[in-house]
Amino acid sequence: MRSPDDILPPQGEPHVHSRENPFFNGLLRGDTRSIGMDSAFEFPVSGSGQSLSRSASDIGNTRGRNFVLDASKHVADFPEEDSFSDVLEPFALPSSGLKSKDARSTSLSFQSVQSDSSIGLDDQTGSPESNSCLNEEWENFHVLDFSQRSFAERKSSQLRVPLPQSAASFYNGVSPLMEIVESCQGIERLNLYLKERRDDVSAGAPGRFLHAVIGQDSSDVGSLAATIMYAFYLNETLGDDQICTVPVINMRRADFSSHVDLKWLLHSCQIDEASLVFIDEIDLSYYDLYGSLKLVLVNGHKIPLKQEALKEAVVEIFSCRKGESVYPWVRDVTFAQDCSSCTLLAEKFALNFPQILAGRGFSRLLLSGILLDTANLSLPHCTSKDKYMATLLINGAGRFGCDGLYQILRYKMYDVSDLKVTEILRKDFKKWTRIGNPDTAGLRFSVSHVGMSSIGMPVGQLLDREDSSTQEIKLFQQLEKLRVLTIVSGYYDVDKNFKREILVSAESVELKKNLLHFFNSNASQLPLKVLPLPGLRNEMSAFEINKFTTRKNVERLLEEFGNTLKG
């Protein structure tokens with residue numbers, strides 16, 4: 001055994017503190033003496049006048065504690081022109097970028113801490129010149145590779161929603177202006193699968209059965225995530241080369257641009273939107289005609305009305321409620337048991353491919369569906385399985401945390417700041433179809449006479465978005481082949497009173513008068529007050545509803561009026 005004298009440094013040699021090593025760069029960033037840490041690194045040895053330096057491992061163990069103490073002394077510089085400051089309103093960020101007394105309580109205001117490997121071994125002084133060079137490099141796009149995983153840093157300015165404080169934001173260690181994008185092998189594998197299947201569909205999937213996984217026509221996050229993920233799961237588990245399993249997004253590609261929440265989520269998860277197959281890009285009736293179509297329904301027990309003619313091709317139903325009637329010929333039925341369909345999918349992946357859930361992008365897609373289906377795990381029907389799977393997928397929330405991710409998605413659902421008038425009208429649009437009069441060949445086709453768009457702003461604000469707003473409304477009406485388009489507005493005014501307004505756009509002035517007469521005959525349900533808005537066409541009128549009325553009541557009246565129209 002070595003004696004204590006062997007451990008002491010040689011007599012007469014100057015002692016150099018080991019914390020000057022650039023490996024402990026984090027200790028150089030702040031003056032430890034200002035926080036009373038001198039005694040933590042040196043202490044007297046009895047019987048000797050020398051000071052004993054602590055080992056590198058001891059200093060390494062204390063480095064994490066010093067980081068927490070030291071990092072709170074620095075505040076990141078936020079550009080005034082960047083809109084990300086809107087995200088951090090509750091945190092009272094200093095705009096000058098100087099040190100602030102309140103900086104210690106601001107969880108997202110820490111200066112970016114460089115990694116040890118980013119400092120050259122020659123740089124032992126931490127000079128302002130070298131730091132400025134590092135800061136310039138930090139602003140650029142980096143890709144770092146650690147054990148076959150890569151991370152990218154990019155500017156993030158797409159958020160304008162106040163985020164709650166979270167531990168993930170506190171310990172992330174980078175500026176909130178930067179977004180850390182981690183490569184995900186599961187997402188890479190998913191993107192490869194989506195691209196291959198889109199190529200198969202473009203080629204007509206010759207000699208194979210088309211196994212189309214399709215959700216309801218309600219374009220929400222849960223339906224999108226379940227459609228993509230269940231198709232991918234079936235592809236990985238079936239292992240049949242004679243089956244081409246394809247997720248079909250039940251909306252037109254042109255309509256997808258108005259769903260800001262879906263586009264943000266796919267981009268955040270690094271899923272290639274161009275590789276997706278939308279309902280208007282594939283002719284399912286063609287495959288059904290030749291007997292090669294197999295349909296898998298997701299999030300419902302009945303096929304959507306638009307695809308009613310294909311119902312006999314249904315072979316499986318995934319995630320329907322108990323007690324709902326299903327097609328009698330379908331034997332493969334998975335009941336949701338009151339939990340989210342994304343919860344069921346997460347459970348399947350956890351049992352069969354648990355390693356794939358470690359990727360942030362892959363787990364974020366499933367986690368987003370669970371959070372929105374259960375209102376952030378707060379709805380009464382939220383089950384313990386929902387909460388368990390949300391905890392298992394917590395890595396998908398990233399620096400935002402579950403609360404922050406949920407708030408971002410909710411905000412994006414109603415964000416129309418970058419949308420045009422036609423995209424706002426298409427975002428929440430519904431139309432009623434009926435069987436029209438026979439043509440010269442005696443055939444009858446379904447026609448759409450009445451449609452309704454729901455918006456979350458005053459009608460006047462919609463008209464003020466563009467100089468040609470009224471023309472855009474008429475163009476949207478013509479594209480949808482509607483005789484009557486009703487825009488239903490619901491919003492809260494400055495006094496936080498709920499307001500309901502409608503704008504009616506008819507095919508002709510006479511048809512508009514007929515609709516207004518129909519509304520007047522139902523004045524007890526829909527009392528109207530004229531809104532004097534300038535610039536409206538003769539076949540347009542705007543009204544305020546002087547009674548609390550739900551959209552369901554307006555829908556019912558419009559459907560009744562549509563049935564009275566001839567065509």
Side-chain angles (χ1 to χ4, degrees), residues 197-198 200-220 223-224 226-228 230-231 234 242-256 276-321 324-334 341 426 429-452 479-483 555 559 562-563 565 567:
R197 291 303 169 265
R198 181 170 178 82
D200 291 340
V201 170
S202 299
R208 304 169 69 185
F209 287 99
L210 183 70
H211 218 72
V213 180
I214 189 170
Q216 301 301 307
D217 51 6
S218 58
S219 50
D220 58 359
S223 180
L224 176 76
T227 300
I228 296 175
Y230 193 52
L234 291 177
Q242 298 300 316
I243 296 179
C244 178
T245 305
V246 180
V248 179
I249 311 303
N250 203 356
M251 74 169 76
R252 296 180 298 182
R253 182 176 286 274
D255 299 342
F256 191 75
L276 296 178
V277 178
F278 292 83
I279 192 63
D280 60 327
E281 298 175 334
I282 183 172
D283 188 1
L284 295 179
S285 60
Y286 169 81
Y287 296 93
D288 184 57
L289 179 64
Y290 290 94
S292 60
L293 178 65
K294 307 294 181 183
L295 287 180
V296 179
L297 300 185
V298 176
N299 274 0
H301 67 292
K302 295 290 185 181
I303 194 170
L305 184 61
K306 297 177 182 179
Q307 293 89 30
E308 181 69 21
L310 305 175
K311 64 179 182 181
E312 294 184 359
V314 177
V315 296
E316 181 181 353
I317 297 177
F318 178 79
S319 184
C320 66
R321 303 294 179 185
E324 293 179 335
S325 59
V326 298
Y327 300 117
W329 61 85
V330 178
R331 297 183 178 180
D332 194 353
V333 179
T334 302
S341 57
R426 198 180 301 278
F429 174 69
K430 180 178 183 179
K431 61 183 178 181
W432 291 268
T433 59
R434 58 186 294 268
I435 302 300
N437 294 330
D439 60 6
T440 55
L443 299 177
R444 293 177 180 267
F445 297 93
S446 61
V447 294
S448 302
H449 289 314
V450 179
M452 187 184 82
L479 290 176
E480 295 295 334
K481 300 179 181 179
L482 299 174
R483 297 187 63 187
E555 290 180 10
E559 187 174 8
N563 293 331
L565 298 178

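Everything numeric in this text was worked out from a predicted model, so none of it was measured.
- Between Tyr327 and His301 there is no side-chain heavy-atom pair separated by less than 4.5 Å.
- A 6.0 Å sphere centred on NZ of Lys302 holds more than 12 heavy atoms belonging to other residues, nucleotides or ligands.
- Within the 3.5 Å criterion, the main-chain N or O of Val298 finds no donor-acceptor partner in the side chain of Ser319.
- For the pair Arg483 (side chain) and Gly562 (backbone), a donor-acceptor distance under 3.5 Å is absent.
- The closest side-chain heavy-atom distance from Met251 to Asp217 is not below 4.5 Å.
- Side-chain contact between Ile282 and Val248 is present, with heavy atoms from C-beta onward closer than 4.5 Å.
- Residues Ile228 and Ile249 are in side-chain contact: their nearest non-hydrogen atoms beyond the backbone lie under 4.5 Å apart.
- If you take OG on Ser341 and OH on Tyr230, they are separated by 11.5 Å, rounding to the nearest 0.5 Å.
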Margin query: Under the criterion side-chain contact (heavy atoms from CB on, under 4.5 Å), I'd like the reasoning laid out for Ile303 against Glu308: C-alpha separation, chi angles, the key distance, then a yes or no.
Written below: CA-CA 6 Å; Ile303 194 170; Glu308 181 69 21; 3.8 Å; yes
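- Rounding to the nearest 0.5 Å places CG of Asn250 at 7.5 Å from CD of Gln216.
- Shown here for Val314 and Val330, the closest heavy-atom pair between the two residues is O-CG2, 3.5 Å.
- Taking the side chain as every heavy atom from C-beta outward, Ile214 and Leu297 approach each other to under 4.5 Å.
- Ionic pairing of Glu281 and Arg197 is not present here: no N-O contact between side-chain nitrogen and carboxylate oxygen is shorter than 4.0 angstrom.
- Note that the CD1 atom of Ile243 and the CZ atom of Arg208 stand 9.0 Å from one another [nearest 0.5 Å].
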- prompt: Where do Thr227 and Asn299 land on the side-chain contact (heavy atoms from CB on, under 4.5 Å) test, with the steps shown first?
  reply: CA-CA 9 Å; Thr227 300; Asn299 274 0; over 6 Å; no
Fill in: Verdict with reasoning, Leu210 to Leu284, per side-chain contact (heavy atoms from CB on, under 4.5 Å)
CA-CA 9 Å; Leu210 183 70; Leu284 295 179; 4.1 Å; yes
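- Partners of Lys430 by side chain to side chain donor-acceptor pair (under 3.5 Å), not counting sequence neighbours, listed by chain and number: Glu555.
- For Ser285, the side chain to side chain donor-acceptor pair (under 3.5 Å) partners are Asp283, not counting sequence neighbours.
- A heavy-atom distance below 4.5 Å is not found between the side chains of Leu295 and Gln307.
- The side-chain heavy atoms of Trp432 and His449, taken from C-beta on, include no pair separated by under 4.5 Å.
- Counting heavy atoms from C-beta on, the side chains of His211 and Val296 come closer than 4.5 Å.
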CA sep, side-chain torsions, deciding dist, call: Leu565, Val450, side-chain contact (heavy atoms from CB on, under 4.5 Å) = CA-CA 9 Å; Leu565 298 178; Val450 179; 4.2 Å; yes
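- The nearest pair of heavy atoms linking Ala313 to Leu293 is CB-O, 3.7 Å.
- From Asp332, atom CG reaches atom CD of Glu316 across 4.0 Å, with rounding to the nearest 0.5 Å.
- Here Ile317 contributes atom CD1 and Arg331 contributes atom CZ; the two are 14.0 Å apart, rounded to the nearest 0.5 Å.
- Note that CZ of Phe256 and CG of Leu224 are 5.5 Å apart. Values are rounded to the nearest 0.5 Å.
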